[in-house]
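Below is one structure, written out as structure tokens, with a few remarks after it.
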Amino acid sequence: MNTTPEQILDIEDALVSDENPARDEDTLDFERCARLHNYLVAYAHMTRNGTDTPDLDALASESWFFNQPNESIDAIRTRLDPSLNSFLDSIYDPTPGFFYWVNGLSMELADETFPLEDSNFEGKERFVVIYGTTLELGSHCLGVLYDQLNHRASFPLTTDNVESIEPVAEHWDMWFPLETILTHWIHMLRMGKITADPRDEGDLSDVESNSRHQIGLWCWHPYCAAQIDRTVAAMDRYTNAIESRMQSLLPISQDAPFFTDAELDAALVPKECFIRSFLTRVKTPRFKLIAPGLEVPHDKEAFTARQMFNVEGQGRDIPSFLLFASADDDCTIGFNDEIHRLFFGSRNDVPSNQGDPVPTGLYSATVNRFEYDSEETGFHLLLPFALRPNLAGEDGARRSDGTLVPSGSFTQLFQHGVFYPFGGEHRVQRLERLFDRWTELIETGVWTVGENGVEGAINVFQDADHGAWEDYWIPPSW
């Protein structure tokens, strides 16, 4: 265990990155994981106590898991891999509320979590629940599950998620070194997506309470300043990749903002939201087509006229906006149950009827900031055709968790799926990751660039159903 506050807080060389990957060995890297774990424990301790450094004596005395009867601890330890026992010997025991999604150290043996004889969980005696899901997130909670055979971890929030991770061999992409999961959590903490606040909800201003979801000490924010920066940078990289392949560009100043505040006011974009910050900061693309069949909205009046989900007074916090519409104005789709669900949730008082024409293209996500797991930086790619139209088909477009896009879906391309390996359940995929994926398609030559920008009609996206699903798939992340 680290012996000074400085050592606990100095974790730069323990964080997983492309330059510093997780160790690929048949054991838990307990020293690295313990450093990341202890950092989170110390961070929470400092926030609760309003200090800049952790009190190591206080941390050592805050024992919850370890104050069980010795025989209970010993019974668990006899069934743990030596590296897991070394991890336990190297960490501070967190108080309840370890992180946003997890309550604390559990070390529950999975054959006790799944005691029923009809459980389909294969070889369950090898699995340990290291951190238990916080009970505020619902019933049938599970947590960070560790596989002592493969020395990988996954994070099913509830037992309903088990089918997304087991059998392990069929869901290998959903299992990660434990240090990878802990690094993702610290990354979200450092960028401000998740923050810690010791105040009670009653002590918050209306603005604060309306712009986050809080579980105990931890707060989830629909967006943060770092996400604006990262999404702007991702689109600028994508724009540069296209422009660098063009012979001539539109006569537009590179310093001109994509949209002005006045133009977004005309489109009824809320004053304080992610999409306004993003559109007023990103540079204007100097070409016409930003993706196959999708146009850049250089005509701001046409942009305003296309918006059909920004009706005021509909009870939605942040409505969806059509960012990049189909270049073919006749390329619409009839309003249907899937569109209703994504853009209006369960509301019935919507300004559209079944079958009404809806413009296709890339939309920002509808967000209710009061809801758990809301993601204001998200998107929906609304296509004019159904994906995987043949219900019996065993192949086609896939989502980040490896599941097939639901047959007949018009909106699920590039999305997360039903399982979130680093925490969460419902949020949409982030624009930042979409632009990064599209940049790869340009740089690898899957998409080509012509005189007007990216070539091809919107039906190019159907390639995801015809053997090229990996080109239209975003690897799992938070």
Side-chain angles (χ1 to χ4, degrees), residues 11 15-16 33 36-49 54 62 64-65 91-106 129-146 153-158 160-161 176 178-201 203-204 208-227 274 367-378 416 419-430 476-478:
I11 56 164
L15 295 168
V16 174
C33 291
L36 299 174
H37 167 103
N38 286 338
Y39 175 88
L40 286 170
V41 174
Y43 190 98
H45 173 86
M46 290 186 295
T47 301
R48 288 190 182 98
N49 294 281
E62 289 182 352
W64 298 85
F65 173 77
I91 62 173
Y92 292 105
D93 193 356
T95 58
F98 174 52
F99 194 58
Y100 181 71
W101 292 289
V102 289
N103 188 45
L105 202 62
S106 175
V129 181
I130 296 182
Y131 305 109
T133 300
T134 185
L135 298 179
E136 287 91 334
L137 296 181
S139 59
H140 308 293
C141 290
L142 194 48
V144 175
L145 202 60
Y146 187 78
S154 194
F155 186 15
L157 276 172
T158 70
D160 295 335
N161 300 138
F176 303 86
L178 179 60
E179 59 264 37
T180 299
I181 294 178
L182 294 170
T183 292
H184 272 277
W185 293 353
I186 293 171
H187 169 68
M188 285 187 275
L189 186 62
R190 288 186 164 188
M191 70 185 294
K193 184 66 175 178
I194 292 175
T195 59
D197 192 331
R199 293 176 295 170
D200 293 330
E201 191 169 346
D203 297 329
L204 305 177
E208 290 172 319
S209 61
N210 291 341
S211 62
R212 67 192 196 181
H213 182 273
Q214 189 158 357
I215 300 177
L217 180 72
W218 304 99
C219 311
W220 172 272
H221 300 265
Y223 75 100
C224 61
Q227 285 188 287
F274 166 80
V367 175
N368 183 336
R369 290 173 172 172
F370 292 97
E371 292 181 348
Y372 154 71
D373 211 26
S374 60
E375 182 54 71
E376 206 165 308
T377 75
H416 282 290
F419 180 64
Y420 297 69
F422 303 104
E425 296 179 279
H426 310 296
R427 63 184 178 276
V428 292
Q429 186 65 266
R430 310 190 305 278
S477 179
W478 65 269

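No experiment lies behind these values; they were computed from the predicted model shown.
Expressed to the nearest 0.5 Å, how far CD of Glu62 lies from OG1 of Thr95 amounts to 5.5 Å. Taken from CG in Leu189 to OH in Tyr100, the straight-line distance is 13.5 Å, to the nearest 0.5 Å. In this structure, CD in Glu136 is found 9.0 Å from SG in Cys141, a value given to the nearest 0.5 Å. Here the straight-line distance linking atom CD of Gln227 with atom OG1 of Thr377 works out to 4.5 Å at 0.5 Å rounding. The CG atom of Leu36 sits 12.0 Å away from atom CD1 of Ile91, with the distance rounded to the nearest 0.5 Å. Tyr43 OH to Phe99 CZ: the interatomic distance, rounded to the nearest 0.5 Å, is 9.5 Å.
Here Arg427 does not pair with Glu371 in a salt bridge; the nearest charged N to carboxylate O distance is not below 4.0 Å.
In this view, Asp197 and Arg199, Leu204, Arg212, Gln214, Cys219 satisfy the side-chain contact (heavy atoms from CB on, under 4.5 Å) rule, not counting sequence neighbours. Here His221 pairs with nothing under the ring-ring contact (aromatic ring centres under 6.0 Å, His included) rule; sequence neighbours left out. Judged as a ring-ring contact (aromatic ring centres under 6.0 Å, His included), and not counting sequence neighbours, the contacts of Phe98 are His37, Tyr131.
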Problem set entry | Steps toward side chain to side chain contact (heavy atoms under 4.5 Å, CB included) verdict (Thr158, Leu142) | CA-CA 5 Å; Thr158 70; Leu142 194 48; 5.6 Å; no
Problem set entry | Cys224 and Met191: CA distance, side-chain angles, deciding distance, side chain to side chain contact (heavy atoms under 4.5 Å, CB included) verdict | CA-CA 8 Å; Cys224 61; Met191 70 185 294; 4.2 Å; yes
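Side-chain atoms of Trp220 do not come within 3.5 Å of backbone N or O of Tyr372 as any donor-acceptor pair. Under the 3.5 Å distance criterion, the side-chain polar atoms of Thr183 are left unmatched by any main-chain donor or acceptor of Leu15. Judged by distance alone, with hydrogens and angles left aside, the side-chain atoms of Asn103 form a donor-acceptor pair with the main-chain N or O of Gly97 at under 3.5 Å. Judged purely by atom type and a 3.5 angstrom limit, Asp93 uses its side chain to pair as donor or acceptor with the backbone of Phe65. Side chain of Thr47 to backbone of Ala196: no donor-acceptor contact under 3.5 angstrom is found.
Heavy-atom minimum distance, Cys33 versus Leu182: O-CD1, 3.6 Å. The two atoms that bring Trp478 and Arg430 nearest to each other are C-NH1, 3.4 Å, heavy atoms only. Across Val367 and Pro222, no two heavy atoms sit closer than the pair CG1-CB, 4.5 Å. Taking each heavy atom of Ser477 and Pro421 in turn, the nearest pair found is O-CD, 4.3 Å. Scanning all heavy atoms of the two residues, the minimum distance from Tyr92 to Asn38 falls at N-OD1, 2.8 Å. Residues Val428 and Glu375 share a closest heavy-atom pair of O-CG, 3.8 Å.
Close placement of the Phe176 and Phe422 rings is indicated, their centers lying within 6.0 Å of each other.
For the pair Val102 and Phe155, the minimum side-chain heavy-atom distance is below 4.5 Å.
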